[in-house]
Amino acid sequence: MLKIYNSLKRQKETFKPIEPGKVRMYVCGMTVYDLCHIGHARVMVVFDMIARHLRNTGFEVEYVRNITDIDDKIINRANENNESITDLTERFITAMNEDSNALGVVPPDVEPKATEHMDQIIEMITSLIDKKHAYVGKNKDVYFDVSSFESYGELSGKNTEELRAGERVEVQEDKDDPLDFVLWKSAKADEPSWESPWGKGRPGWHIECSAMSTYCLGNHFDIHGGGQDLQFPHHENEIAQSVCSTGEKFANVWIHNGFVRVDEEKMSKSLGNFFTVREVLKEYQPEVIRFFILSSHYRSPLNYSTDNLEEAKSALSGLYTSLRDTKDAENIEPNKDYVEEFNSYMDDDFSTPKAISVLHELAKELNRCTDKSSKETIEFAATLKYFGSVLGLLQDDPQAFLQAKMGSSDDELGEVEIQKFIDDRSAAKTAKDYAKADEIRDHLVSLGISLEDSPQGTIWRRN
RNA sequence: GGCUGGGUGGCAGAACACCGUAUGCAGCGGUUUGCAAAGCCGCCUAUGUUGGUUCGAAUCCAACCCCAGCCUCCA
């Protein structure tokens, strides 16, 4: 029985899909004006893990993750770069897809773009105006009337009075109420714009998600997710817009993932303390990043540091090591007891740290098996790989993982050279010239290569 | 200031009243090895503070201290 922490209720609740056996999930994706950093990677990996687990436990999943390809930041960045908007957004969409593929993220079923859903956006704004939930301001911008929606603030635990009292809300002449937010911005000169009943303009940020989610998944769907920072105002505003325009309930369950932190601070563009995915990929294999993300619970803060990345690397290497000598077990059923245990953790609000502990237990079982071709060994190996597949891990050839270069840098010793050193050392060993053999091994260690002797010969791995 | 969430061993990270203080990384001892490495066996160290409830609390309650986040664009 799947339990999910619902941000809307601030508690875990048993998940009940609207339509039995089917889950419709919408996640707020990226605004494509720059490269993805580890914070973005977390969203992609976490919701990928959720989709995988849902599918794995028998749900049919329709997963939608949008792309925001028009907004102030994009316009500004394009101007700075002297680049067209579409050139800029296409460039960063490509980059995002590269990063997401590297991290083993299965692409969402639909990736709607704001610019391709203007009709739905305009339609929704129109209905909000018709229903008196929105108005055209003095400056021709269209605003949502927050006072017209009674349960405003439910998701973020805020109430409108407190928000109004807040000193940080700037008073804007064009709005009736400082809390009102923009649905449609009238176009300034030289800005990209679309025709609308209110003149040329472009959508506000919140409305696109309301329009695209209901368009792709229907007015009422199961799960809506995104980073914790979107809870207010973005998701709050989405609820207001969607409920007021459709008259139906919007999303049943709200899932918000925690932040990535650097030195106890949120990783963010404005603080300048972010690391891009491709930057980290230069030092670590993509799967290490994925393992690092999944090793903490999705709602907890995740502290980014080289120590933690190194730990993830060691732990993952241990798992691969246990799989190294096992036979490929394609059609073997995973062990039922372990499956039950694993799923019970995943069903408990996607507790990946607990689930990963099961992988370690299996690795230990595997390492204890002396006969690597026994039925038991094969079953454990198949089970471990199966769990790996649910988490998007352990699908590489173990030896290939252990021998892979650390990152994308080229200054590491190549395989041919390494093998030559190993051959020389073996010759020295045969001649009982251990001093020379050790010298070669020490040399390799200093280059980040460690050797392991076995009756079958010497194998190597990168540290 | 208001509102959320949180403070567990050297580090990371579970458990959320009993029958197990997981799991990993690091460290230490043993085994193994020409010596190593990997593996295996074993060991080490923690529940922010002060009270309360209870047969029993990391787990519930209260106060306090500290941290992060949101209240403005942000995954």
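Here is how names work: the chains are called A, B, and so on, in the same order as the sequence lines, proteins then strands, and each is numbered from 1.
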**OP:** Could you tell me whether G39(A) contacts a base, only the sugar-phosphate backbone, or nothing, with contacts defined as non-hydrogen atoms closer than 4.0 Å?
**Re:** base
Original post:
How many angstroms lie between CZ in F387(A) and CD1 in I356(A), if you round to the nearest 0.5 Å?
Top reply: 12.5 Å
Original post:
How far, in whole Å, is rU21(B) from rC44(B) if one measures between their C1' atoms?
Top reply: 14 Å
**OP:** Round to the nearest Å and state the distance from R441(A) atom CZ to rA38(B) atom P.
**Re:** 11 Å
Original post:
Within this structure, what is the CG-to-C1' distance between D48(A) and rA75(B), rounded to whole angstrom?
Top reply: 15 Å
**OP:** Pick base, sugar-phosphate or nothing for G258(A), based on heavy-atom distances below 4.0 Å to the nucleic acid.
**Re:** base
**OP:** Have a look at R425(A) and say if it touches a base, only the backbone sugar-phosphate, or nothing, with a 4.0 Å heavy-atom cut-off.
**Re:** base
Original post:
Do the two ring centres, one from F47(A) and one from Y63(A), sit under 6.0 Å apart?
Top reply: no
Subject >> Rounded interatomic separation in angstrom, taking CD1 from I459(A) and P from rA37(B) >> reply: 15 Å
**OP:** Please evaluate the base of rG34(B) for a donor-acceptor partner in the side chain of D438(A) within a cut-off of under 3.5 Å?
**Re:** yes
Original post:
Do the non-hydrogen side-chain atoms of I459(A) and Q399(A) ever get within less than 4.5 Å of each other?
Top reply: yes
Original post:
NA contact type, M44(A), heavy-atom cut-off 4.0 Å: base, sugar-phosphate, or nothing?
Top reply: nothing
Original post:
Using Watson-Crick and G-U wobble pairs whose two distances are both under 3.5 Å, how do you write the pairing of RNA chain B as dot-bracket, with | for links to another strand?
Top reply: (((((((..(((..........))).(((((.......)))))....(((((.......))))))))))))....
Original post:
Nearest-Å distance, CG (L179(A)) to C1' (rC71(B))?
Top reply: 11 Å
Original post:
On RNA chain B, nearest-nucleotide positions of K429(A) versus H40(A): which is more 5'?
Top reply: K429(A)
Original post:
Counting any heavy atom closer than 4.0 Å, what does V46(A) reach on the DNA or RNA strands: base, sugar-phosphate only, or nothing?
Top reply: nothing
**OP:** Identify which one of E379(A), E361(A), E365(A) satisfies the side-chain hydrogen bond (donor to acceptor under 3.5 Å, both in side chains) criterion when paired with Y338(A).
**Re:** E365(A)
Subject >> Residue R368(A), side-chain heavy atoms: nucleotide from rA75(B), rA38(B), rC41(B) that is nearest >> reply: rC41(B)
**OP:** Classify the ring geometry between H206(A) and H234(A) as parallel (under 30°), tilted (30 to 60°) or perpendicular (over 60°).
**Re:** tilted
Original post:
Over how many whole Å does the gap from L451(A) atom CG to rA38(B) atom P extend?
Top reply: 12 Å
Subject >> Donor-acceptor pair present, D453(A) side chain and rC35(B) base, under 3.5 Å >> reply: yes
Subject >> Side chains of N237(A) and F149(A) in contact at under 4.5 Å (non-hydrogen atoms) >> reply: no
**OP:** Spell out protein contact along nucleotides 14-31 of chain B as letters: B when the base is contacted, S when just the sugar-phosphate is, - when no protein heavy atom is under 4.0 Å; keep the 5' to 3' order.
**Re:** S-------BSBS------
Original post:
Does a salt bridge link D34(A) with R77(A), judged by any charged N lying under 4.0 Å from a carboxylate O?
Top reply: yes
Original post:
Is NZ or CZ of R65(A) both nearer than 6.0 Å to the six-membered ring centre of Y26(A) and within 45° of the ring axis?
Top reply: no
Subject >> Span that lies between the C1' atom of rC18(B) and that of rC40(B), in whole angstrom >> reply: 34 Å
Original post:
Counting just side-chain N and O atoms, does N367(A) come under 4.0 Å of either OP1 or OP2 of rC40(B)?
Top reply: yes
Original post:
Between rC40(B) atom P and E452(A) atom CD, what is the distance in whole Å?
Top reply: 13 Å
Original post:
Could you walk me through whether E161(A) and R164(A) pass the salt bridge (Lys or Arg N to Asp or Glu O under 4.0 Å) check?
Top reply: CA-CA 5 Å; E161(A) 275 168 42; R164(A) 283 198 184 87; over 6 Å; no
Original post:
Is K269(A) positioned over the aromatic face of F274(A), cation under 6.0 angstrom from the ring centre and no more than 45 degrees off axis?
Top reply: yes
Subject >> Distance, P atom - from rU50(B) to rU31(B), rounded to whole angstrom >> reply: 44 Å
Original post:
Among rA12(B), rG5(B), rC35(B), which nucleotide sits nearest the side chain of Y5(A)?
Top reply: rG5(B)
Original post:
Would you find more than 12 non-hydrogen atoms of other residues, nucleotides or ligands less than 6.0 Å from D263(A) atom CG?
Top reply: no
Original post:
If the P atom of rC55(B) is compared with that of rG30(B), how far apart are they to the nearest Å?
Top reply: 49 Å
Original post:
P atom, rG9(B) versus rA58(B): distance in rounded Å?
Top reply: 14 Å
Original post:
In whole Å, what separates the C1' atom of rA15(B) from that of rU59(B)?
Top reply: 9 Å
Subject >> Whole-Å C1' distance, rC11(B) and rA63(B) >> reply: 31 Å
Using a cutoff of under 3.5 Å, can you pull out all pairs of nitrogen or oxygen atoms linking the protein to nucleotides 64-68 of chain B, with atom names and distances?
| unit_1 | atom_1 | unit_2 | atom_2 | d |
| --- | --- | --- | --- | --- |
| rA68(B) | O2' | R261(A) | NE | 3.3 |
| rA68(B) | O2' | R261(A) | NH2 | 3.2 |

Original post:
When you measure from the centre of the six-membered ring of Y434(A), is the NZ or CZ of K429(A) under 6.0 Å away and within 45° of the axis?
Top reply: no
**OP:** Starting from the 5' end of RNA chain B, give me the residue, Y434(A) or T321(A), whose nearest nucleotide shows up first.
**Re:** Y434(A)
**OP:** To the nearest Å, give me how far apart NZ (K158(A)) and C1' (rG5(B)) are.
**Re:** 12 Å
Original post:
Do the rings of W254(A) and H224(A) sit parallel, tilted or perpendicular, given the 30° and 60° boundaries?
Top reply: parallel
Original post:
Is it true that the NZ or CZ of K12(A) lies under 6.0 Å from the centre of Y5(A)'s six-membered ring and within 45 degrees of the ring axis?
Top reply: no
Subject >> Closest listed nucleotide, where the reference is the side chain of P233(A) and the choices are rA38(B), rC73(B), rG5(B) >> reply: rC73(B)
**OP:** Please measure how far the C1' atom in rC61(B) lies from the corresponding atom in rG1(B), and state the result in whole Å.
**Re:** 27 Å
**OP:** For N257(A), answer base if it contacts any base atom (sugar-phosphate contacts may also be present), sugar-phosphate if it contacts only those atoms, and nothing otherwise; contact means non-hydrogen atoms under 4.0 Å.
**Re:** base
Original post:
Rounded to whole angstroms, how far apart are CG on L230(A) and C1' on rG69(B)?
Top reply: 13 Å
